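Since the model is a prediction, treat every value here as computed from it, not as a measurement. So you know, we letter chains A, B, ... as the sequences are listed, proteins then strands, and number each from 1.
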There are 2 protein chains.
Amino acid sequence: MTVGNTRLDAMVAHLRRQGHRISPQRLEILRELAGSPDHPTAEALHRRLLPRFPAMSLATVYKTITALKQCGEILELQFSDRENRYDAIHPTPHPHCICVECGAVADPPAPDTERFVASLVEASGYAISSHRLDFFGLCPRCRKKHGV
Amino acid sequence: MTVGNTRLDAMVAHLRRQGHRISPQRLEILRELAGSPDHPTAEALHRRLLPRFPAMSLATVYKTITALKQCGEILELQFSDRENRYDAIHPTPHPHCICVECGAVADPPAPDTERFVASLVEASGYAISSHRLDFFGLCPRCRKKHGV
DNA sequence: CTTACTGCAAAAGCTTTGCATCCGT
DNA sequence: ACGGATGCAAAGCTTTTGCAGTAAG
């Protein structure tokens, strides 16, 4: 059962390489991120770790996220009307599906993203370096509840 | 010189139809939006209108934006680390280019957006109703400054 | 040992809300 | 006249920052 540490190891290594230190709290935050495909919020991470670190501060979570952003080891999905969501499992830009009812965020089976991005990059006149592709709608579970 | 009022008229009509009233301030906010292809922030709108309405409150701008959102007559580009930007000229989802240096937002000559969106909608399992396609990079002007 | 990290509390930044008054319709 | 709009100020939420103490390397 030593599989699945790849992402964790990569994050730890990259942080160390950048001069960051790995405290027990930070290690657990990274582990939680590496094992959370649900694109958690900072608060959700904090909540999940409180049992293990009853004194952990939410600021510590944010500071770790800041370090990861600086390393390009986490993707931040910004929202102005709710908490940001994070994806440290796939830190490079890719499409997301966001439920307008329950807020769930998922990685859809991405189709020909490459081609689409390439064509826009070419036509834009901008020197594109990154992108964000969000799709809003009802997730499968909320669809059932509404019979849609 | 009566061209270009189409969007303004549509916004006014839609707001009226929803029971909203059109005050002089509100009319000017709508006019400013209809004539601003630069995706202004709420504060930018406020700033541009102050000469005409020295007592206008920023809250009034936000309240008008809220009414427009309710009517689907404005597109809101949310950000958590800077002010939201608004597009009332093209209120339906479409790609945007955002300059990571100066913050400029532009509508690129969109390519086959339809096909891309359709393919993702189909594969996602979500009942997609809307989307947001952002591309980040240097705008033409900032490219020159950096010789990129 | 040096310097980054932690936890707490305060601050910051943008958007929303409450309220009295004003004004569209 | 009725009920929405305005302006001001206060509140709200999420994220960031300052600081003294602690601990990683």
Side-chain angles (χ1 to χ4, degrees), chain A residues 11-33 39-47 49-71 74-86 103 105, chain B residues 11-33 39-47 49-71 74-86 103 105:
Chain A
M11 287 190 276
V12 169
H14 202 158
L15 285 173
R16 281 222 162 89
R17 201 183 319 142
Q18 299 289 129
H20 294 289
R21 296 176 184 175
I22 308 298
S23 67
Q25 294 94 324
R26 183 161 285 188
L27 182 60
E28 285 310 303
I29 294 170
L30 300 181
R31 194 193 307 287
E32 192 63 42
L33 278 167
H39 307 73
T41 64
E43 236 230 276
L45 289 168
H46 183 235
R47 193 183 330 114
L49 292 168
L50 270 186
R52 282 175 260 174
F53 293 88
M56 182 185 279
S57 165
L58 180 55
T60 296
V61 176
Y62 275 112
K63 282 167 182 168
T64 296
I65 288 171
T66 299
L68 287 170
K69 283 199 281 184
Q70 182 199 310
C71 293
I74 195 170
L75 199 64
E76 179 179 65
L77 297 181
Q78 299 191 341
F79 299 95
S80 71
D81 62 350
R82 75 194 94 161
E83 296 166 77
N84 292 347
R85 311 280 297 234
Y86 299 92
V105 178
Chain B
M11 288 191 275
V12 170
H14 202 156
L15 284 173
R16 281 223 161 89
R17 202 181 321 140
Q18 299 289 128
H20 294 289
R21 295 175 183 173
I22 308 299
S23 68
Q25 294 95 323
R26 183 161 284 188
L27 181 60
E28 285 311 303
I29 294 171
L30 300 181
R31 194 192 307 286
E32 192 63 42
L33 278 168
H39 308 71
T41 64
E43 238 230 275
L45 289 167
H46 183 235
R47 193 183 331 114
L49 292 167
L50 270 186
R52 281 175 262 176
F53 293 90
M56 183 185 279
S57 165
L58 179 56
T60 296
V61 176
Y62 276 112
K63 282 167 183 166
T64 296
I65 288 171
T66 299
L68 287 170
K69 282 200 280 185
Q70 183 199 311
C71 293
I74 196 170
L75 200 65
E76 179 179 65
L77 297 181
Q78 298 191 343
F79 299 94
S80 72
D81 62 352
R82 75 193 93 162
E83 298 167 76
N84 292 346
R85 311 279 299 231
Y86 298 93
V105 178

Working for side chain to side chain donor-acceptor pair (under 3.5 Å), residues R85(A) and T41(A): CA-CA 5 Å; R85(A) 311 280 297 234; T41(A) 64; over 6 Å; no
So which one's nearest nucleotide on DNA chain D is more toward 5', F79(A) or F53(B)? F53(B)
Would you find a donor on one side and an acceptor on the other, under 3.5 Å apart, between the side chain of [X] and the backbone of [Y]?
| X | Y | answer |
| --- | --- | --- |
| T60(A) | M56(A) | no |
| N84(A) | E76(A) | no |
| Q78(A) | S80(B) | yes |

5′-ward residue of the pair S57(A)/A42(B) relative to DNA chain C: S57(A)
Assign [X] to base, sugar-phosphate, or nothing according to its heavy-atom contacts below 4.0 angstrom with the strands shown.
| X | answer |
| --- | --- |
| D81(B) | nothing |
| Q25(B) | sugar-phosphate |
| A55(A) | sugar-phosphate |

For [N], does OP1 or OP2 lie under 4.0 Å from any side-chain N or O of [X]?
| X | N | result |
| --- | --- | --- |
| R82(A) | dT14(D) | no |
| Q18(A) | dA4(C) | no |
| T60(B) | dA5(D) | no |

Protein-nucleotide distance ([X], atom [atom1]; [N], atom [atom2]), rounded to Å:
| X | N | atom1 | atom2 | value |
| --- | --- | --- | --- | --- |
| L68(A) | dT16(D) | CG | P | 13 Å |
| Q78(B) | dT14(D) | CD | P | 13 Å |
| L58(B) | dA5(D) | CG | P | 17 Å |
| I29(B) | dA5(D) | CD1 | C1' | 10 Å |
| R26(B) | dG7(D) | CZ | P | 11 Å |
| L30(B) | dA5(D) | CG | C1' | 13 Å |

In Å, rounded to the nearest 0.5 Å, how long is the span from NE2 of H39(B) to CG of L75(B)? 7.5 Å
Could you pull out the closest heavy-atom pair between H20(A) and A67(A), with the gap in Å? CE1-CB, 3.8 Å
Treat primed atoms plus P, OP1 and OP2 as sugar-phosphate and everything else as base, then score nucleotides 20-25 of chain D 5' to 3': B for base contact with protein heavy atoms under 4.0 Å, S for sugar-phosphate contact only, - for none. ---BBS
Test for a donor-acceptor pair under 3.5 Å between the base of dG7(C) and the side chain of K63(A), counting only N and O atoms. yes
Got a salt bridge between E32(B) and R47(B), using NZ or NE/NH1/NH2 to carboxylate O under 4.0 Å? no
Between dG7(D), dC8(C), dT6(D), which nucleotide has the shortest distance from any of its atoms to the side chain of M56(B)? dG7(D)
